[in-house]
Amino acid sequence: MKTKRLWYGFIAVMVLSFAVLLYFGREIYREKPPIPDQIITTSGEVIVSGQDIKDGQNVWQSIGGQEVGSIWGHGAYQAPDWTADWLHREAVFLLDYWGNAEFDHDYKDLNNEQKGMLEARLQKEMRTNTYDVGSSNLVISDLRAKAFKAIGDHFTGVFMDGEAQAHLREAYAIPVNTVKDQERMDKMNAFFFWATWATVTNRPGQEITYTNNWPAEELVGNRPTSSLLLWTGFSVIILLAGIGWMGWFYASNRGKEEHNDMPLENPVMGSKMFPSMKATLKYFWVVTLLMLVQITAGVITAHYGVEGSAFYGIPLDQWLPYSVTRTWHVQIGIFWIATSWLATGLFFAPAIAGKEPKYQKLGVNVLFLSLLVIVVGSIVGQWMGIMQKLGYAENFWFGHQGYEYVDLGRFWQIFLFAGLFIWLGLMARALLPALRARTENRNLLIMFLIASLAIASFYGAGLMWGQQTHLAIAEYWRWWVVHLWVEGFFEVFATVIIAFLFVRMKLLGAQIATTTVIFSTIIFLSGGILGTFHHLYFSGTPVAVLALGASFSALEVVPLVFMGFEAYHNINLTKSGKWIEDYKWPIYCFVAVAFWNFLGAGIFGFLINPPVALYYMQGLNTTAVHGHTALFGVYGFLGIGLMLFVLRDMDLTVKWKDGPIKFAFWSINIGLLLMVLISVLPIGLAQTWASVKVGLWYARSAEFMQQDYISTLKWMRVFGDTIFAAGMFVLAYHIFGLKFGWTIEKKK
């Protein structure tokens, strides 16, 4: 396959995909659910203002936002989805009011004919769009205003100190007085009402709501739309066609692979170790410590699922609420994975060029200190925000933005963005001599720089929303960061650097590595860029977003079906020469990446990605299954594998003890698998049944989640978590032992 032709394909995919992504981003801006200037009753009473809704969104963000339950299905799973919960409570309030007024009974005690009559009235009441474009006011009935007050009182009790809601606070892991004063609570209720209004109100001139009839709620007529069913079927067809094409491609190119003679000795043995390369060691020590902190935060977070306000009797939620520990668990995971990958680039860039630019070590050290400040500053700020010690603006800049995966305050985001460009500069100046040399590696180096530029640039999408940006717009840009930055271009970077490692050791020819990397990138980004939309089916977006997301997210799965080829190739590498055994465990980490790519990103990803599946599963533990197995299984193991490769190359004269790293590798994999298969997945499937049969509100309710068998499944997670944590602590023991000698075999 000609490299020039592949470059044309890469450019075409990038240009066309981003053109479509930006065009329909504009459509999201244009068709987002409107925020009214005022919500008023038919009798003229002003209920809340548009500014109250915007301020209420900021209050919600300050208490943890998507780390405390979810809105439109995005967020944490311990507490309810607040839009689904409010919607059901409001529907029942109206039905009970009419039932008692006309039949002297609550809705549940009426006969089917009476229920049907009231449900038809309810759907007319709630689904009719009464937003007036001319005045920018939303008009609701006086009865619905009463419902607003009643549901608002209930939510106030949950988030403040209501006695009647004490059992719910325990179930939801929400501390007493999470919101400190009534004014802030009233504003947050205004935001919850507006976000719920968008889920049940039909778009102008259409028979679907702003959230494409999500969440499922039979009482108000929220059912899967015909377009949702159509595009689900189409996504399956695309998946099958893509698998067929990839199978044909693999079969037709098997005989064209370049075969290298295995070197008798390690080609990189004796390579010069530049000062800046040695300076990256401290990055990996910090990575290791952050892994342990993340695991500790994860253990506490998981335990809140069975003991909502305490940790084995200790009232920990007074100092470290669930929203704090979950924020740290997610955020620190991204920090250590990204740091490992960035440090790997800094280590290998001078090695590839064969020389070190002036002041490169100083740059590496300055960047290290910057990363430390960002990590410590952001987690302290998040704690202060959630503990309600910051105002609206201060929280946005230094506290908790409330958006999962990008929770850190705007100041820390800008700081990190600048740090990424410092990293890019260090990478570019180290690689430029190799680029000028015009060796056979040149195309691979160009892709390396493109991936590095993308990593630095695409984090900037997280700066595209402001303090009071519309939720649908913020979600659009947030998924640019999560899907394109974390899941997209970091994977491209990893693909390139792994190819470099194998070319450097002469296990792979430069030409075949180049064509494989560019082709893999084309295939991955063909589905991955527009596949971003599969996160936005129900986030206040038009139907076209659903169609594109369904189609292209199916293509994301196609290359993952063939991960077995990559795993088989990597396992064979470990058996192909005596000196390769020194790299056994780093390479085995890449084998684990292939396995988890297939299972976590492929099977568990496609389990929830088709529109009709996600309609019922969004916001359930099935999402957590995909999140854990894809984020840690793929990107975490990539980070660990790259770290072990660097640590191996730092001193090739020593032999590692096999026992600790072997135990760590298998414990981490087995623990992760057990965590998912015996706990999180069964809970998610049970919730899916409840969501289909009754509704999302029930699947996320305390009533359902506190059942004995669900509690037992939560406790069973201890087995997998314990094995996983043991593996991670032994991995840390191995890494620090390489410096202090306890995991290195002594020379005889």
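As the structure is a prediction and not an experimental result, all values here were calculated from the model.
Scored by the ring-ring contact (aromatic ring centres under 6.0 Å, His included) test, His534 finds His483 as partners (sequence neighbours excluded). The ring-ring contact (aromatic ring centres under 6.0 Å, His included) check on Phe729 picks up nothing, with sequence neighbours excluded. Residues satisfying the side chain to side chain donor-acceptor pair (under 3.5 Å) criterion with Ser679, sequence neighbours excluded, are absent altogether. With sequence neighbours excluded, the residues forming a ring-ring contact (aromatic ring centres under 6.0 Å, His included) with Trp479 are His74, His535, listed by chain and number.
Judged as a side-chain hydrogen bond (donor to acceptor under 3.5 Å, both in side chains), the pairs with a partner in residues 273-287 (not counting sequence neighbours) are, in order, Ser276-Glu356, Lys282-Asn365. The list of side-chain hydrogen bond (donor to acceptor under 3.5 Å, both in side chains) pairs with a residue in residues 658-673, not counting sequence neighbours, reads Trp585-Asp658, Trp596-Asn669. Within the structure, every pair that satisfies the side-chain hydrogen bond (donor to acceptor under 3.5 Å, both in side chains) test and touches residues 333-345, not counting sequence neighbours, is listed here: Gln294-Trp336. Residue pairs satisfying the side-chain hydrogen bond (donor to acceptor under 3.5 Å, both in side chains) criterion with at least one member in residues 412-422, sequence neighbours excluded, are listed as follows: Gln401-Gln413, Arg410-Gln413. Legend: salt bridge (charged side-chain N to carboxylate O under 4.0 Å, His left out) pairs involving residues 63-74, not counting sequence neighbours, sorted by first then second residue: Glu67-Arg326.
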For residues 447-458, which side-chain donor-acceptor pairs fall under 3.5 Å, sequence neighbours excluded?
| from | atom 1 | to | atom 2 | distance (Å) |
| --- | --- | --- | --- | --- |
| Ser452 | OG | Phe448 | O | 2.9 |
| Ser457 | OG | Leu453 | O | 2.8 |

Which pairs of donor and acceptor atoms, one on a side chain in residues 417-430, lie under 3.5 Å apart (sequence neighbours left out)?
| from | atom 1 | to | atom 2 | distance (Å) |
| --- | --- | --- | --- | --- |
| Trp423 | NE1 | Leu342 | O | 3.0 |
| Arg429 | NH1 | Lys358 | O | 3.0 |
| Arg429 | NH1 | Gln360 | OE1 | 2.9 |
| Arg429 | NH2 | Lys358 | O | 2.7 |

Check residues 627-649 and write down every donor-acceptor pair under 3.5 Å in which the side-chain atom is one partner and the other belongs to a residue at least two apart or another chain.
| from | atom 1 | to | atom 2 | distance (Å) |
| --- | --- | --- | --- | --- |
| His628 | ND1 | Ala624 | O | 2.9 |
| Thr629 | OG1 | Val625 | O | 2.7 |
| Thr629 | OG1 | His626 | O | 3.4 |
| Tyr635 | OH | Glu487 | O | 3.0 |
| Tyr635 | OH | Glu491 | OE1 | 3.1 |
| Arg648 | NH1 | Val654 | O | 3.4 |
| Arg648 | NH2 | Asp651 | O | 2.8 |
| Arg648 | NH2 | Val654 | O | 2.5 |
| Asp649 | OD1 | Tyr583 | OH | 2.5 |
| Asp649 | OD2 | Arg504 | NH1 | 2.9 |

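Under the 4.0 Å criterion applied to side-chain N and carboxylate O atoms, Glu581 and Lys584 are not assigned as salt-bridge partners.
Between Gly531 and Phe552, the shortest heavy-atom distance links the atoms N-CB, 3.8 Å.
Under the 4.5 Å side-chain criterion, counting only non-hydrogen atoms from C-beta, Tyr476 is in contact with Phe533.
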